[in-house]
Undergrad: 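Quick one: structure below, then a few questions.
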There are 4 protein chains.
Amino acid sequence: MGVAERKQREKEARIKSIKKSAGRLFAKKGFSNVSMAEIAAAAEVSKGALYLYFKSKEELYFSLIEPILEQHHKLIAEVIKNEEEPPDETLRKFFNYFANTYPNDPEVHQAYMYFRAEEIQPLFSEERFRQVTRRMAKNVQMVEDVIAKGIRQGIFKPINPRAVSSIVWSLVMGILRWEENRKYGGGRDQLQSTIEAAVNLLVDGLRVCSAEPDRFGHESKEQS
Amino acid sequence: MGVAERKQREKEARIKSIKKSAGRLFAKKGFSNVSMAEIAAAAEVSKGALYLYFKSKEELYFSLIEPILEQHHKLIAEVIKNEEEPPDETLRKFFNYFANTYPNDPEVHQAYMYFRAEEIQPLFSEERFRQVTRRMAKNVQMVEDVIAKGIRQGIFKPINPRAVSSIVWSLVMGILRWEENRKYGGGRDQLQSTIEAAVNLLVDGLRVCSAEPDRFGHESKEQS
Amino acid sequence: MGVAERKQREKEARIKSIKKSAGRLFAKKGFSNVSMAEIAAAAEVSKGALYLYFKSKEELYFSLIEPILEQHHKLIAEVIKNEEEPPDETLRKFFNYFANTYPNDPEVHQAYMYFRAEEIQPLFSEERFRQVTRRMAKNVQMVEDVIAKGIRQGIFKPINPRAVSSIVWSLVMGILRWEENRKYGGGRDQLQSTIEAAVNLLVDGLRVCSAEPDRFGHESKEQS
Amino acid sequence: MGVAERKQREKEARIKSIKKSAGRLFAKKGFSNVSMAEIAAAAEVSKGALYLYFKSKEELYFSLIEPILEQHHKLIAEVIKNEEEPPDETLRKFFNYFANTYPNDPEVHQAYMYFRAEEIQPLFSEERFRQVTRRMAKNVQMVEDVIAKGIRQGIFKPINPRAVSSIVWSLVMGILRWEENRKYGGGRDQLQSTIEAAVNLLVDGLRVCSAEPDRFGHESKEQS
DNA sequence: TATGAATGAGGCTTCATTCAT
DNA sequence: CATGAATGAAGCCTCATTCAT
């Protein structure tokens with residue numbers, strides 16, 4: 001029994017190690033520029049071992065993408081269900097979610113960011129591809145809902161919520177990518193502060209900029 | 001002489017054709033998923049001809065990246081030198097620059113977007129790589145200067161200009177990518193409107209949100 | 001012009017050389033036991049060159065099988081159209097066809113003999129597979145027709161022509177294989193004489209033999 | 001003791017099961033297209049267990065071939081020793097032996113049919129290879145002896161007995177293969193009837209046929 | 001004794017690059 | 001200059017075999 005458990009643990013550790021290495025590499029160099037041999041070497045397993053756990057390179061990639069999409073979905077769903085919460089707060093949480101989870105698993109997040117429809121589609125089975133895009137679409141929809149709620153509540157200006165959702169996702173993904181490049185270039189890690197600045201700008205931009213002086217004072221406190 | 005000139009013209013046309021085809025393909029499928037044979041076929045030249053004009057696949061890629069960086073640099077330099085122009089207007093122009101030029105040459109812009117330090121570095125000579133990153137750094141610096149000017153002029157809130165510059169670039173790059181994926185997925189092309197919405201949000205977010213009602217009225221006109 | 005022609009000739013020579021080597025190897029070791037690297041080495045070309053002329057290993061194999069099937073078909077068709085010719089003579093020609101052509105191109109014939117439905121099917125496209133089996137069926141049919149004619153003419157005993165066709169093909173293929181094995185084992189080449197003996201036995205066995213009614217009656221009892 | 005016996009029995013059952021599965025698979029797909037994993041799964045043992053009983057894949061294959069050769073040898077020896085029996089009857093028995101035993105164990109017989117000198121030699125140790133070929137040669141010799149006896153007895157025409165032996169073996173092997181392919185193609189199983197038709201034809205062809213001298217003369221001219 | 005995870009050699013195929021024409 | 005056939009390294013994947021348990 002103890003043996004079986006240990007084996008199970010070891011197996012899981014191995015899978016995790018492979019995923020970690022693969023995620024790092026995919027994130028660093030993109031899907032096609034990473035060879036299975038490279039991944040195997042990074043994970044310190046044999047080439048063959050990769051295929052013990054993942055049917056193919058695509059499967060491995062997918063196994064990295066999929067849980068992130070799932071995770072995002074859940075997170076946002078959770079937040080959105082909180083009807084009490086002001087939408088700007090929700091947005092802040094959304095951004096912070098990335099700022100907080102990204103550093104724990106940057107590689108995997110990046111592999112997701114690196115998802116490019118036109119590059120990936122020919123490599124994946126149609127079903128897999130659709131599965132990913134559908135999930136992504138849902139995630140976008142949820143942000144859209146937050147924005148729409150804000151508009152209904154009169155907190156946000158009446159802007160096309162779908163456009164804002166695109167902007168929000170573009171902004172987050174863009175920043176993650178940007179900061180990663182910066183870090184790689186030797187710059188300091190400023191993900192947290194950049195994300196924070198971004199969400200502040202965004203929320204300020206979205207907000208119905210009030211006429212009352214004290215409102216402004218209140219806002220400037222938040223932004224500082 | 002006339003012959004020599006014609007030959008020269010033909011040569012240039014050929015190079016242009018190759019670049020166009022290569023740009024389109026790189027943008028569509030990424031660097032590694034495009035073969036030289038594909039590019040040659042698209043440009044209607046022989047594989048060998050590619051190597052007459054470009055030392056390698058990397059060189060060809062670089063030849064696409066480089067002028068864009070140069071172009072960006074010049075454009076922003078131009079704008080920035082216009083000391084009279086309000087910085088928010090400058091930002092608007094910056095975003096519009098992408099919205100306007102991208103559709104003309106989406107391939108090349110995208111090839112630039114795909115430039116990711118860690119992916120590209122192993123493919124390029126160290127010198128080339130440094131050249132590109134240096135150029136990019138300059139571009140970032142120029143946006144930073146615009147923001148700084150806005151802050152000095154009291155038009156923008158006092159936010160770390162470097163952070164804002166990162167955000168601006170992240171946002172633009174993120175949107176281009178995002179919209180490309182959306183387009184590929186069969187969605188309508190909404191690059192123009194998304195960019196416009198984004199810059200409006202950004203400028204509103206940056207602006208010192210005034211207490212005067214009419215200022216607000218003025219702003220909302222711009223945004224609508 | 002001369003250059004183009006020479007190139008064409010060289011190309012054809014190369015293809016022929018590849019086919020020759022491939023045929024020899026397939027015949028010797030079967031489809032799956034031969035590697036493309038082996039074929040390339042035997043043909044003294046690079047691995048890549050194989051793919052200049054053949055899309056895949058299967059395609060190469062098919063290119064060896066197909067013309068033989070075609071050839072057989074034509075030959076038998078020709079013979080059969082000769083309505084004047086006694087069927088036993090036709091059979092003799094059929095056997096001699098193999099005895100005569102096999103030594104010129106033993107490898108290719110063997111690659112054909114080596115065709116095994118269950119081994120090949122999973123490796124080939126459904127269409128290719130059907131194409132081959134259909135052609136084979138036609139070839140069998142033609143021999144059947146010869147036998148049927150002989151029976152109608154009263155030259156052959158009334159035996160199920162389809163069974164005889166199977167036997168004829170089995171016999172020819174069996175002998176080619178058998179003799180090849182013998183030759184490989186160091187034995188003398190006796191293909192010609194074996195084939196001749198076989199066809200003599202076969203024709204004698206088929207022929208309405210005895211003049212005496214009761215002898216025939218006796219035989220037919222045995223055969224029924 | 002009882003335990004030891006049971007273990008022994010279990011072990012033998014296991015070996016038998018492995019051989020059965022392996023034979024079936026080899027027959028269906030050929031030597032190289034069958035993986036050890038496949039065999040293990042079919043036999044419901046672990047991959048490792050295969051190597052407990054067989055040193056290698058080749059050894060396993062050999063263990064299937066060898067007893068058949070042995071069996072053939074014994075059977076024919078038995079038959080031949082029956083000096084009383086008319087040789088045509090012996091031939092009939094020989095053919096029937098295949099027709100009767102093949103369906104019980106088609107896999108193993110086929111694995112034997114696939115034995116082709118040039119394919120197998122590189123896979124086996126020299127000693128093993130020689131062992132198999134020697135055994136086969138003996139088998140051929142025995143058929144030859146039957147034919148020779150028939151000729152001596154005046155029952156068969158005076159034809160080269162060695163040639164006839166080759167033909168007999170070629171015919172049997174050819175038919176087994178042919179019928180297997182037919183069956184795979186969806187056709188009805190006609191092994192029994194085909195074998196019977198074949199032996200009838202063969203015996204008729206071999207037999208000193210006509211009562212009239214000139215008929216025989218005519219024939220013998222053809223055959224010589 | 002039995003297992004099956006792990007290994008790594010080797011198979012098919014693609015493709016950047018060269019070079020004879 | 002231009003071509004495209006040829007090369008061979010490298011990529012993905014399979015599988016016979018081993019070995020720790």
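By convention in this document, chain letters (A, B, ...) are assigned in the order of the sequence lines, proteins followed by strands, and residues within each chain are numbered from 1. Note that these values count all heavy atoms, side chains included, but never hydrogens, waters or copies made by symmetry.
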Undergrad: Pick the nucleotide of DNA chain F nearest each of C:Val45 and B:Lys11; which residue has the one closer to the 5' end?
TA: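 Its nearest nucleotide lies further toward 5', so the answer is B:Lys11.
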
Undergrad: For the pair made of CZ in A:Phe54 and C1' in F:dT14, what is the distance, rounded to whole Å?
TA: 18 Å

Undergrad: Are any side-chain N or O atoms of A:Lys57 and backbone N or O atoms of A:Val34, one a donor and one an acceptor, separated by less than 3.5 Å?
TA: yes

Undergrad: Between D:Phe54 and D:Lys19, is there a side-chain heavy-atom distance shorter than 4.5 Å?
TA: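 They are in side-chain contact.
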
Undergrad: Quick one: bend of the helix from E:dA2-F:dT21 to E:dT21-F:dA2 from 5 pairs per end, to 10°?
TA: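 Comparing the axis at each end, I get an angle of 10°.
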
Undergrad: What are the atom names and distances for every N/O pair under 3.5 Å that joins the protein to nucleotides 15-17 of chain E?
TA:
{"unit_1": "E:dA16", "atom_1": "OP1", "unit_2": "B:Val34", "atom_2": "O", "d": "3.3"}
{"unit_1": "E:dA16", "atom_1": "OP1", "unit_2": "B:Lys57", "atom_2": "NZ", "d": "3.2"}
{"unit_1": "E:dA16", "atom_1": "OP2", "unit_2": "B:Met36", "atom_2": "N", "d": "2.5"}
{"unit_1": "E:dT17", "atom_1": "OP2", "unit_2": "B:Tyr51", "atom_2": "OH", "d": "2.8"}
{"unit_1": "E:dT17", "atom_1": "OP2", "unit_2": "B:Lys57", "atom_2": "N", "d": "3.1"}
{"unit_1": "E:dT17", "atom_1": "O5'", "unit_2": "B:Tyr51", "atom_2": "OH", "d": "3.4"}
{"unit_1": "E:dT17", "atom_1": "O4", "unit_2": "B:Lys47", "atom_2": "NZ", "d": "3.4"}

Undergrad: Atom CD of D:Gln8 and atom C1' of E:dT1: how far apart are they, to the nearest Å?
TA: 13 Å

Undergrad: Does D:Arg14 put a side-chain nitrogen or oxygen below 4.0 Å from OP1 or OP2 of E:dA2?
TA: yes

Undergrad: Determine yes or no for a side-chain-to-main-chain donor-acceptor pair under 3.5 angstrom, with C:Ser17 supplying the side chain and C:Ala13 the backbone.
TA: no

Undergrad: Are C:Phe31 and D:Asn33 packed together at the side-chain level, in the sense that at least one heavy-atom pair is separated by less than 4.5 angstrom?
TA: no

Undergrad: More 5' along DNA chain E: A:Glu44 or D:Ala49, using each one's nearest nucleotide?
TA: D:Ala49

Undergrad: Separation of D:Leu50 atom CG from F:dC19 atom P, in whole Å?
TA: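 So the CG-P distance, D:Leu50 to F:dC19, works out to 17 Å.
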
Undergrad: Looking at F:dG8, F:dC1, E:dA5, which one has an atom nearest to any side-chain atom of A:Leu52?
TA: E:dA5

Undergrad: Please report, rounded to the nearest Å, how far the C1' atom of E:dA6 is from the CD atom of A:Glu10.
TA: 12 Å

Undergrad: Would you say A:Tyr53 places a side-chain N or O within less than 4.0 Å of OP1 or OP2 belonging to E:dA5?
TA: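 For E:dA5, neither OP1 nor OP2 has a side-chain N or O of A:Tyr53 closer than 4.0 Å.
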
Undergrad: Starting at atom CG of C:Leu60, determine the distance to atom P of E:dT13, rounded to an integer number of angstrom.
TA: 10 Å

